[in-house]
There are 2 protein chains.
Amino acid sequence: MTTQHERLLIGGKPLRADAERTVRTILEAAERVLSADPTATMEQIAEAAGVARTTVHRRFTTREALLDALTRWATGQFAAAVDGAISDAAPPAVVLYRVTADVLRVKIGWGFAMTRAAGSADPEIARVHADVLEKCDRLFRRAQATGLLRPDVDIEWARRCYYALIHEVTQGHSPESDVDALTTLIVDTLLRGLGTDSRFA
Amino acid sequence: MTTQHERLLIGGKPLRADAERTVRTILEAAERVLSADPTATMEQIAEAAGVARTTVHRRFTTREALLDALTRWATGQFAAAVDGAISDAAPPAVVLYRVTADVLRVKIGWGFAMTRAAGSADPEIARVHADVLEKCDRLFRRAQATGLLRPDVDIEWARRCYYALIHEVTQGHSPESDVDALTTLIVDTLLRGLGTDSRFA
DNA sequence: CCGACTTGCGTCATCGTTGTCGCAAGTTAT
DNA sequence: ATAACTTGCGACAACGATGACGCAAGTCGG
């Protein structure tokens, strides 16, 4: 389990309290600003964070470095959420519900960083996401084995639908949403669909 | 029904044959390049189109103008596809299938322009999309009335799921896909979901 | 309290992108 | 054939964003 106080910068020495706060403030501002406009400048980010532009550059040498740090930070949170919720022992339905809720909690508010992380060039980040993807597929296979998913359903398609629904819910979101309600909505829709039981044609 | 030869530039006089070809080539290149990297430069687009950078600027004064033209072009195709497929007379299931297939045919290959169009500032484009949205909701309401959709389903949520699935399918796509198969997959998943008929818990 | 650290500010150099222009060569339509 | 149009090329100016400084003032930790 990744703690809340994990190191923010990778290579550096431990930061002083105020500096660490600044870094976190910058990352949060970056997420906010960049999710609204991915081409936002360092100046806009600095302004949103309430710090001078030079301070941002002090903490993140290049723009790339800032983006990478943001991605790494979000990916850490994401992996922690998944690892904490997934289990090969509990019933697939329970796990699906739990992991969905926990992922939503992280992904709402870190949409930009998470979206960017998905196709990252960084091998470390790519590995984490491939890992999560594998865990997801295993969960779905287990769901299929226990009869939760229909036997004829393609696992990859199931995962793509699942990801798509999660992505949809976490886009353009109001401040505080009822995660549990959204979770129910997603899992319910994924399993039952929106149509009546009687098939057409 | 919008023809293939409709005017590409709005305000301008009719273009000579070679110029119109160039404009189309540039738009296609822009879609390709920008879908891979939304921050791509005019030079990269020009290179992909096989023309000089100055030629791009000759046809589209500013970067904005190019983006707008791209968006307008895609929106036109999109609206035509929807208008041609939707109907208040035919059974909702049939319409849903037909409109999905036609939209997919347009949206595959014009993903960047379409995604950008969704939240456009241009009132004309926004109106078209609001129009399509309204048509979609009406279709779903009719589907609900005829028992295709469950009565308890929220129409807005249904539309969001539908859009999300279409978006998912049209992202990162190989050259030639079987549109009919994808359409079946989408509609089927939307209505039936992926789970077994017997509910859990 | 004192040393180390951090921040804001102003400044500077650099770079890439954008957008414009004129000219020569090639293409299109009549 | 000829006049109008289009394109490529090279060059240019302007602009914004990036990134690096040093310095003075403020803050943190022992």
Side-chain angles (χ1 to χ4, degrees), chain A residues 5 7-71 73 112 116 121, chain B residues 4-5 7-71 112 116 121:
Chain A
H5 294 285
R7 188 65 19 75
L8 280 176
L9 261 24
I10 351 79
K13 311 165 183 176
L15 294 173
R16 223 173 65 179
D18 53 352
E20 187 153 340
R21 234 171 322 175
T22 303
V23 168
R24 188 171 256 104
T25 304
I26 292 174
L27 286 178
E28 286 164 359
E31 165 61 35
R32 252 178 300 130
V33 172
L34 291 172
S35 67
D37 174 17
T39 72
T41 66
M42 300 290 264
E43 182 132 41
Q44 293 175 269
I45 296 172
E47 187 187 352
V51 300
R53 188 176 65 89
T54 46
T55 301
V56 179
H57 273 109
R58 231 190 300 268
R59 292 306 163 196
F60 307 97
T61 323
T62 71
R63 186 174 214 276
E64 268 298 291
L66 170 57
L67 276 286
D68 284 359
L70 186 60
T71 305
W73 166 253
F112 171 80
R116 190 174 181 280
Chain B
Q4 282 286 92
H5 292 284
R7 186 65 19 74
L8 278 176
L9 258 26
I10 351 76
K13 313 165 183 177
L15 294 172
R16 224 174 63 180
D18 52 351
E20 188 154 338
R21 236 172 319 175
T22 303
V23 168
R24 191 165 308 236
T25 304
I26 292 174
L27 286 178
E28 287 165 0
E31 165 62 36
R32 253 179 298 131
V33 173
L34 290 172
S35 68
D37 173 17
T39 72
T41 67
M42 299 291 262
E43 180 132 40
Q44 293 174 267
I45 295 171
E47 187 187 352
V51 300
R53 186 177 65 89
T54 46
T55 299
V56 178
H57 272 108
R58 230 190 302 268
R59 293 305 162 196
F60 307 96
T61 322
T62 72
R63 185 175 214 274
E64 270 297 293
L66 171 57
L67 276 287
D68 284 359
L70 187 60
T71 305
F112 171 80
R116 189 173 181 280

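Proteins come first, then strands; the chains are lettered A, B, ... in the order of their sequence lines, and each starts at number 1. Bear in mind the structure is a predicted one, so any value in this text is a computation, not a measurement.
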Could you tell me the separation between the CE atom of A/M42 and the CZ atom of A/F60, rounded to the nearest 0.5 Å? 8.5 Å
Is B/T55 reaching over with its side chain to a backbone N or O of B/V51, donor-acceptor style, under 3.5 angstrom? no
What distance do B/H57 atom NE2 and B/L66 atom CG have between them, rounded to the nearest 0.5 Å? 9.0 Å
Interatomic distance where CD belongs to A/E20 and P belongs to D/dT27 [whole Å]: 20 Å
How long is the line joining CZ of A/R21 and P of C/dT7, in whole Å? 10 Å
Is the shortest heavy-atom distance from the side chain of A/L15 to the side chain of A/R59 under 4.5 Å? yes
Distance-only, no hydrogens or angles: does the A/E31 side chain make a donor-acceptor pair with backbone N or O of A/L70 under 3.5 Å? no
I'd like to know if the side chain of A/Q44 and the backbone of A/T41 have a donor-acceptor N/O pair within less than 3.5 Å. yes
Does D/dT7 have its OP1 or OP2 closer than 4.0 Å to a side-chain nitrogen or oxygen of B/T55? no
Can you measure A/R24 atom CZ to C/dT7 atom P for me and round it to whole angstrom units? 14 Å
For nucleotides 13-25 of chain C, just jot down a letter per nucleotide in 5' to 3' order: B, S or -, based on protein non-hydrogen atoms under 4.0 Å. ----SBBBB----
When you check the phosphate oxygens OP1 and OP2 of D/dT7, does a side-chain N or O of B/R59 lie under 4.0 Å from one of them? yes
Rounding to 0.5 Å, atoms CH2 (A/W73) and CG (A/D68) come to a distance of 16.0 Å
Which one, C/dA29, C/dT6, D/dG8, comes nearest to the side chain of B/A17? C/dA29
Taken to the nearest whole Å, CG/A/D37 to P/D/dA17 is 11 Å
Rounding to 10°, can you tell me the angle the first-five-pair axis of the helix from C/dC1-D/dG30 to C/dT30-D/dA1 makes with its last-five-pair axis? 50°
Residue whose closest nucleotide on DNA chain C lies nearer the 5' end, A/V51 versus B/R16: A/V51
CG (B/D37) and CZ (B/F112) are apart, to the nearest 0.5 Å, by 9.5 Å
By salt bridge (Lys or Arg N to Asp or Glu O under 4.0 Å), which residues pair with A/R16, not counting sequence neighbours? A/D18
